[in-house]
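Lettering follows sequence order; numbering is per chain, from 1. Hydrogens, waters and symmetry mates are skipped; everything else that's a heavy atom, side chains included, is used.
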Amino acid sequence: MADVAGPSTPSRKRSRWDDDEDNTPPVEKPVQKRRTKSKPPAAGDTRTPERSATPTVPPQNASSRARPHHSLFVPPRTAHPPLVPSRSVYCYERLNSIEEGSYGVVFRARDKETGDIVALKKLKLEEEKHGFPITALREINALMVCKHENVVGIREVVVGDTLTQVFIVMDFIEHDLKNLLSIMPSPFLQSEVKTLMLQLLSAVAYCHERWILHRDLKTSNLLMNNRGTIKVADFGLARRYGDPVGVGGLTQLVVTLWYRAPEILLGATTYSTAVDMWSVGCIFAELLLNEPLFQAKGEIELISMIFKLLGPPTKETWPDYNTMPLAKTMTLPAPHPAQLRQKFPYITAAGLDLLSRLLAYDPDRRISAEEALKHPYFSESPLPKHPDLFGSFPSAAAGEKRRKPDSPSAPVRAADYKLLTEFD
Amino acid sequence: MSTALYPLASLAQIRNTPSRADGIPEDLELDLRAYGCKLIHEAGVLLRQKQVAVATAQILFQRFWYVTSMKQFGIGDVGMGALYLASKLEECPIRMRDLINVYDLLLQRAAHKLKHPPAPAASTSTTLTRTVTHDFKYVPMSYFGSTFYDLKDALVVAEMQILKRLGFNVNVVLPYGTLVNYLRLLGLTEREDVSSRAWGYLNDALQTPVYALYAVPTIVSAAILLATRHLGIALPSSPESCWWELFDADWEDVWSVAGYIMRLYRERSPQDQARVLGLVSKKAVRAWLDDHQPIAPRS
Ligand SMILES: Nc1ncnc2c1ncn2[C@@H]1O[C@H](COP(=O)(O)OP(=O)(O)O)[C@@H](O)[C@H]1O
Ligand SMILES: [Mg+2]
């Protein structure tokens, strides 16, 4: 399919790959001519190892000098990926759909060539009024730019039968944190929470360094493999910051409600990396509590829950509060101090300090991912647990049944937890 | 900024481009690439689009022709698709209708020029597209006419084909920041003539394939080389300490980039100039190929 000669109008025909039981290529598929088979980008073997490309163009002054050493900063030409067209989705065998009924369809699939198990996310391209959707471009770009141990790995983007079928191919990761938390018999241990938080923070720091805001950090967008490694996923709302907020600024739609920063709730028209850090704070709290921190039904309820937990904003905690567009419409409750300690009785003082810095009202003073990584919480006892020591869980995404948690581990965990709380 | 590696054409793709494999001579391919980029630039100016979006579009356009033949897609359609796509990538999207109108105007103007070539005496400029001749009148198309819908279809298809054929890797790194750094390292920050000239070469280079062929440091070195040579400024270039090695550029590569850029300034015959004006669509390219069979590609 990838090589239909000549342009064709995008048809509205639906994909066979994800609809039908039978996911073999349609028979009318045009036979490829001349073009060599495209290879996955990872293969990296499409270029010959010889170096300097000397295109056949004037002037030819080929003085063959010895090649100077390359610095670490400028990768050699051969380190750049070649230009490789998208492969067809039929390079993959569909296994099961991971997330049924949700907005984006995600499938588990097998690479027919390598046997690798992958996840395919089908992009929504129904609305063609403006060509390829800018949101899908941002999602793909963010994934390609943010290659990091704790960001889900994008392998390639493949296309289906028509121009409207595009799939992001990612490494398959067994769990998402939301599902995992719901099947876990007891909350994560402090040492585990630290490991997870360090991973999350280093991924977020990496994205922010590359000018990418995720804007939808929440537990269902955090994947976790059986080796205790978190992978940030779902860059569907990501965008570069420093860019002008484009047509129809998305201010109100950003970030799923429970994880939404107060400045967004109050109608801020510009936002920064701080919105992600607020979400990280909510996730931190969720890991400690084993349930979402602010389970509000609407924005008003969310704001009052925040005010209740953290105390209403003051001149000290949020100097610019009164300049927020929706501040005038709010009635602040009577001043009272934050209730964080009551809500998190077992966490150390350092842990509580980190949490309150992540949940700081003033976006300018909210802790950055870079700073948070250096927070004393991570260097005090208990130290972060090595990811290899995390238990493994049946993967719902792979269609595995939930089994009763192994009995030996449960009491140990409970005992550990008690021990920990005594440190506090 | 982003450290992700941007893609470059492989040696096999460079040696035998899809267009050349289809019998389009190298010289003609380079001319058509340059003209397609010029159209992108002119459309960008008329749309008051940001330079970063225009430059990104030109680089995507150049990459495209290492995976696709000009017999399969026209430089007009692909240029339009590239500008549309790049505008989204740079977060300054443009309206489809505006873009289509602007391209329609540019193509009508080119067709007019082809029909009424300027009197040889008046042709003082060597550029391929020149200001509107006084008797050219643009006839705006009707939004309900088929031209608009044809162009709209072509635009949507071109955008998607660019994405698909480039494997959705549309990461582009522009050279301007690097130029500023290098000039500082060479102690040339004060020389405004050097920086503006080098900047100009970098922009002109957008009409050549070099951004799809070489890493940014090599291209910036070539621009500095051309600028300093032109202004008679000597930089250390003895075998022990060559300034371009400071930037991890290979002399051969730098020289080759300079060659691509200098090629743009060649004096062209009126026939050569007219030839590209008539080959904006794939239909015209196909007809040209039929007329020029069998082709012995000159190299
Ligand atoms: N790479 C992956 N491996 C395994 N499961 C995944 C992967 N990517 C997504 N999922 C599952 O699919 C769900 C939806 O994916 P996501 O990218 O968040 O799409 P949406 O935009 O619909 O939220 C996730 O919550 C997760 O359960
Ligand atoms: Mg999601």
Query raised in the report: Are the side chain of A/H80 and the backbone N or O of B/P7 linked by a donor-acceptor pair below 3.5 Å?
Result: no

Requested in this report: Look up atom CG in A/N141 and atom NZ in B/K88, then write down how far apart they are to the nearest 0.5 Å.
Outcome: 12.5 Å

**Report entry** Under 4.5 Å from any heavy atom of chain A - which part of B/F64
**Finding:** neither

**Report entry** Any A/R239 side-chain heavy atom under 4.5 Å of B/E91 side chain
**Finding:** yes

Query raised in the report: Between A/V157 and B/G167, which heavy-atom pair has the shortest distance, and what is it?
Result: CB-O, 4.4 Å

Query - CZ on B/F168 to CG on A/L123, rounded to 0.5 Å - result: 7.5 Å

Query raised in the report: Got B/L85 and A/L137 here, is their nearest side-chain heavy-atom distance under 4.5 Å?
Result: yes

Query raised in the report: Do A/H130 and B/R95 have side chains that get closer than 4.5 Å, going by heavy atoms?
Result: no

**Report entry** When B/D77, B/L163, B/V170 are compared by non-hydrogen pairs under 4.5 Å with chain A, the top option
**Finding:** B/L163

Report summary line: Rounded to the nearest 0.5 Å, the OG atom of A/S88 sits from the NZ atom of B/K164 at a distance of 9.5 Å

Query raised in the report: With side chains defined as the heavy atoms from C-beta onward, is the minimum distance between B/P93 and A/I134 less than 4.5 Å?
Result: yes

Query - Contact origin within A/V166 toward chain B - heavy atom pairs under 4.5 Å - result: side chain

Report task. For the residue pair B/N169 and A/M144, establish whether any side-chain heavy-atom pair is separated by less than 4.5 Å. Result -> yes

Requested in this report: Flag the pair B/S10 / A/L83 as yes when at least one side-chain heavy-atom distance between them is below 4.5 Å, and no otherwise.
Outcome: no

Query raised in the report: Rounded to the nearest 0.5 Å, how far does CD1 of B/I162 lie from CZ of A/F132?
Result: 12.5 Å

Query raised in the report: Counting only heavy atoms not in A/K147, do more than 12 sit closer than 6.0 Å to its NZ atom?
Result: yes

